[in-house]
Amino acid sequence: MEQAQTQQAVQSSHTGEMAVMGREGDTKMLWDKSQPVEVDVARASFDKLIKAGYSAYAVSDDGAKKGTPIKEFDPSAERLIMVPPMQA
């Protein structure tokens, strides 16, 4: 059990996650922080969503960041939450 927890901790420290909220539910994108191509794909998706009016929030697994608004992609982030623009 302890080995599985250690492996999970190592895996999560190398993996970033972006949750995109939408009408049909959330979509998740994962990237390996050590893989430049995966980071570039995540950055392009982030930039496209920001351009479309989404708001971005950084959240950390340890609770240190609880929905901190961000304007630029952070490849080292543990988790990003993308919220669509509100419609009146």
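Here the straight-line distance linking atom CD of Glu17 with atom CG of Leu80 works out to 9.0 Å at 0.5 Å rounding. Here CE of Met86 is found 9.5 Å from OG of Ser55. Values are rounded to the nearest 0.5 Å. The line from CD of Gln35 to OG1 of Thr15 is 10.5 Å long, rounded to the nearest 0.5 Å. Taking CE of Met18 as the start and CG of Leu30 as the end, the distance is 10.0 Å to the nearest 0.5 Å. Distance check, rounded to the nearest 0.5 Å: CD1 of Ile70 to CD1 of Ile50 gives 7.0 Å.
Taking the ring centroids of Phe73 and Trp31, they lie under the 6.0 Å cut-off.
A pairwise comparison of heavy atoms in Val59 and Gly67 identifies CG2-N, 3.7 Å as the closest pair. In this structure, Met29 and Ala42 approach most closely via the heavy-atom pair SD-CA, 3.6 Å. Here the shortest heavy-atom pairing between Leu49 and Met82 reads CB-CE, 3.7 Å. In this structure, Val39 and Asp32 approach most closely via the heavy-atom pair CG2-O, 3.8 Å. The two residues Ala56 and Phe46 make their nearest non-hydrogen contact at CB-CE1, 3.4 Å.
The backbone N or O of Ser76 sits less than 3.5 Å from a side-chain atom of Lys33, completing a donor-acceptor pair.
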